[in-house]
Amino acid sequence: MPSYTLGRPPRRRAGWVVLLVVLVAGVLVVFGALRLGPAPAVVIESERPAVGAATKVVARFSEPVGGLGVVRLELVQGDRTVTLAERQFPRAGAFSPVRGRFTPSVELAATVGRSAQEWLKEGEVVVRATADRMTGPLRSRASVVVEKKLAVRLRPPHFELLSKQHYVRQGGSGVAVIRVGATAVRSGVRAGTVESVSFPLSGGGPGERFVLFAVPWELDDPNQIRLFAEDDAGNRSEQPFVDLFKPSPPRNDRLELFDAFLAKVVPAIASQTSGFDASGSLLDQYLRINGEIRRETLAKVVQVAADTKPEFLWRGPFAQMPNTQRRAGFAEKRTYVYQGKPVDHQTHLGLDLASTEHAAVPAANAGRVVFAGWLTIYGNAVMIDHGYGLMSLYGHMSSVAVNAGDVVAKGQILGNSGSTGLAGGDHLHLEIFVQGKSVSPIEWLDEHWIRDNIASKVKLP
Ligand SMILES: [Zn+2]
């Protein structure tokens, strides 16, 4: 066995090689861990689940470790592929041992639909988002492709009107019964900018729906009152349907603001409104309550109004609080005057009913209490859901005897009248809402109106 006597033992040289390899590998691992990072993350979101005239799509790309290289958004239908948007990022910092400037995330947005791509056909379309990482030593592109399929629908949903004789009054309410096609996901009545959505008609056939709608007090053009149906691609059909429109323009009214009134209402509301800006004079603060706080309160009412049951909870005409006199009415445009000068304009949208002080306030009809408590300009208030978007509100109460969630019978006592909130003297402010829009309470107090306009179109329980 002479061989081991030749030269130096090879094991020592091998040791150095192994050490070198380990060192290089170690450096590569450290470098790689610093430089490689994950593949880009890509998410596609679309504004709607389908494509019609215009659907906004957005692709969000991110690679927070080493940055993005090229990102692209494409649209594919059949053999056709078009680039909707593309961005390429410079390799700044790619060779730097500490990472320099790079783009960790970006969004590409585009509009997909007939308004942007006239060639689109009914069927399906693919939105494709592609992302490469920033390349560099030891860093591959690691391309990621994400696709989202969307249905293409170009024909608006079909609908037909089943009810007849739609006579409506400006500021009033109305009912229509419709049958909508299978692609409709939303339907109802649009009156100007106010939409009232439909509900499935109880006991009706397929696609049969019922809508209780508001005619805004501001609207004087019956052609702007239309049935509508929309599909999930945003295709929409509309059709005027009102047979007779009775104009009922708002009345003008003048309300004098006295210092004693301001001194009563302003501190009471300011102290109960968190974050209230109590700077300036009592008048300044009053104008803030009558403007900003009023708008916030109405937004809150709209929010509460969404909590409605799709059934008729009410029976028969609504009842006016007994032994009361009607004071201010619905849709009165008020000019607020202080020391002889006009300082504000707002519209009164309820019915003011005056009785004796702290009189018992009964529910105008059966329903479910959806709000009970402090409601700024309305003071202590109760809101009752009567179903299908119809609600009544009782404001300025001195005490409230019910809680949210209570089911109340017609005539059940809700509390006592008072002058809380923006009220000068003791009275009840009764307001009626259809899907959060104030409507005239007078119609709902009228048995004949209910028979002719609601019971004639839809079967009441
Ligand atoms: Zn009032």
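Remember, it's 1-based here, ligands and their atoms both numbered in the order they're listed.
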- [ ] For S281 and Q285, test the side chains for any donor-to-acceptor distance below 3.5 angstrom and give the result as yes or no.
- [x] no

Open item on the list: Taking 2.8 Å as the cut-off, does H396 contribute an N, O or S atom near the Zn ion (ligand 1), distance below it?
Closed with: no

TODO: Before accepting this row, confirm whether a basic side-chain N of the pair D232/R48 lies closer than 4.0 Å to the acidic partner's carboxylate O.
DONE: no

TODO: Please find out if the Zn ion (ligand 1) and some N, O or S atom of E431 are separated by less than 2.8 Å.
DONE: no

Open item on the list: Need the atom name: nearest N/O/S atom of D352 to the Zn ion (ligand 1).
Closed with: OD1

Open item on the list: Any N/O/S atom, side chain or main chain, of H348 closer to the Zn ion (ligand 1) than 2.8 Å?
Closed with: yes

Open item on the list: Among the N/O/S atoms of H429, which is closest to the Zn ion (ligand 1)? Give the atom name.
Closed with: ND1

Task: Cation over ring face, R190 and F228, 6.0 Å, 45° - done: no

Open item on the list: Under a 4.0 Å threshold between the charged nitrogen and the carboxylate oxygen, would E311 count as salt-bridged to R368?
Closed with: no

Task: F312-H386 aromatic ring centre distance below 6.0 Å - done: no

